[in-house]
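First comes the structure, then the notes that go with it.
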Amino acid sequence: NVAKWCGQILIVIMLAFLTIQFGVQTLTVRGESLEEAYSDGDVVLVNKLIYKISEPKRYDMAAFRTGSEDDHYSIKRVMGVPGDSIIIEDGILKINGETVDAFPAFSDINYAGLASEEIVLGEDEYFVMGDNCNNSEDSRVASVGNIDRDNMIGKVQLKLR
């Protein structure tokens, strides 16, 4: 019975490891760039499995790695997907020539940054922005830029607290 009990404990530990490694993860929101959706200190559940079986979609709230640091994750909204053209003109975000008005905060963008000139996304690139775009370090800033597919960790599914 002891061997059976040890085997069951080992299976539970393995399942927990696999779930954390490949399935879900919690992240804490830092800063105000995601308000109104999420606030500083909110804990969110990230579905890591979804981006292993499907591509990130426009308007997904996505967690991603910035640069080569494995331990630093950011969360922003996917605005541009591979093949899109992105530009911010006169404070208005345009994707493929169409004005984006899905989020009220995107109607008066004070800083266009890299998107002041047209950006055409490559086959594995995504353009991300914070919902509170006038207080967000995102793809408009050279230190973030376009996000490579390999750096996309998962989709934010829900707020835990």
Would [X] end up clustered with [Y] when hydrophobic side chains under 4.5 Å apart are linked, directly or stepwise?
X	Y	value
Val81	Val144	yes
Ile95	Leu121	yes
Leu160	Val24	yes

Could you give the distance from [atom1] ([X]) to [atom2] ([Y]), rounded to the nearest 0.5 Å?
X	Y	atom1	atom2	answer
Ile50	Lys57	CD1	NZ	7.0 Å
Asn151	Phe64	CG	CZ	9.0 Å
Glu32	Asn134	CD	CG	12.5 Å
Phe127	Arg58	CZ	CZ	11.5 Å
Leu93	Ile109	CG	CD1	5.0 Å
Leu34	Cys133	CG	SG	11.5 Å

Item to check | side-chain contact (heavy atoms from CB on, under 4.5 Å) evaluation trace for Val29 with Lys159 | outcome: CA-CA 10 Å; Val29 174; Lys159 178 168 76 171; over 6 Å; no
Checklist entry - Between Val44 and Tyr38, does a side-chain contact (heavy atoms from CB on, under 4.5 Å) hold up when you go through it step by step? => result CA-CA 9 Å; Val44 296; Tyr38 302 104; 3.7 Å; yes
Next on the checklist: Is there a side-chain contact (heavy atoms from CB on, under 4.5 Å) between Val46 and Tyr73? Walk through the geometry before answering.
Outcome noted: CA-CA 11 Å; Val46 177; Tyr73 300 119; over 6 Å; no
Checklist entry - Considering the options Glu123, Glu125, Glu55, which one meets the side-chain hydrogen bond (donor to acceptor under 3.5 Å, both in side chains) requirement together with Arg149? => result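 For Arg149, the side-chain hydrogen bond (donor to acceptor under 3.5 Å, both in side chains) test succeeds with only one of Glu123, Glu125, Glu55, which is Glu55.
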Next on the checklist: Assess the residue pair Ile153 and Lys48 against the criterion (side-chain contact (heavy atoms from CB on, under 4.5 Å)); give the C-alpha distance rounded to whole Å, side-chain angles, the decisive distance to 0.1 Å, and a yes or no.
Outcome noted: CA-CA 6 Å; Ile153 302 303; Lys48 293 167 56 174; 3.9 Å; yes
Contact between [X] and [Y] at the side-chain level, heavy atoms closer than 4.5 Å - yes or no?
X	Y	result
Lys155	Val78	no
Leu158	Leu45	yes
Glu35	Asn135	no

Checklist entry - Can you tell which of Val120, Ile86, Asp84 makes a side chain to side chain contact (heavy atoms under 4.5 Å, CB included) with Asn96? => result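 Result for side chain to side chain contact (heavy atoms under 4.5 Å, CB included) with Asn96: Asp84.
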Residue pair [X] / [Y]: nearest heavy atoms and the distance that separates them:
X	Y	value
Gly97	Ser85	N-OG, 4.4 Å
Pro56	Tyr51	CA-CE2, 3.5 Å
Met152	Ala62	CE-CB, 4.0 Å
Ile88	Met129	CD1-CE, 4.5 Å
Asn146	Ile119	ND2-CG2, 3.8 Å
Thr66	Ser74	CG2-OG, 3.6 Å

Next on the checklist: For Glu117, I'd like to know if atom CD has over 12 heavy atoms of other residues, nucleotides or ligands within 6.0 Å.
Outcome noted: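 Incorrect, the count does not exceed 12.
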Quick one: does any side-chain atom of [X] pair with a main-chain N or O of [Y] as donor and acceptor, under 3.5 Å?
X	Y	answer
Asn132	Ser33	no
Arg77	Tyr59	yes
Ser116	Gly113	yes
Ser139	Gly145	yes

Item to check | Set of salt bridge (Lys or Arg N to Asp or Glu O under 4.0 Å) partners for Arg30, sequence neighbours left out | outcome: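 With neighbours one apart ignored, the set is empty.
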Checklist entry - Under a single-linkage rule joining Ile, Leu, Val, Met, Phe, Trp and Tyr whose side-chain heavy atoms are separated by less than 4.5 Å, which residues share a cluster with Ile9? => result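 Listed partners: Trp5, Ile13.
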Next on the checklist: Going by side-chain hydrogen bond (donor to acceptor under 3.5 Å, both in side chains), name the residues that satisfy it together with Gln157, two or more places apart in sequence or in a different chain.
Outcome noted: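 Applying side-chain hydrogen bond (donor to acceptor under 3.5 Å, both in side chains) to Gln157 gives none.
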Checklist entry - Hey, is Asp138 close enough to Lys76 for a salt bridge, meaning N to O under 4.0 Å? => result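 No salt bridge links Asp138 with Lys76.
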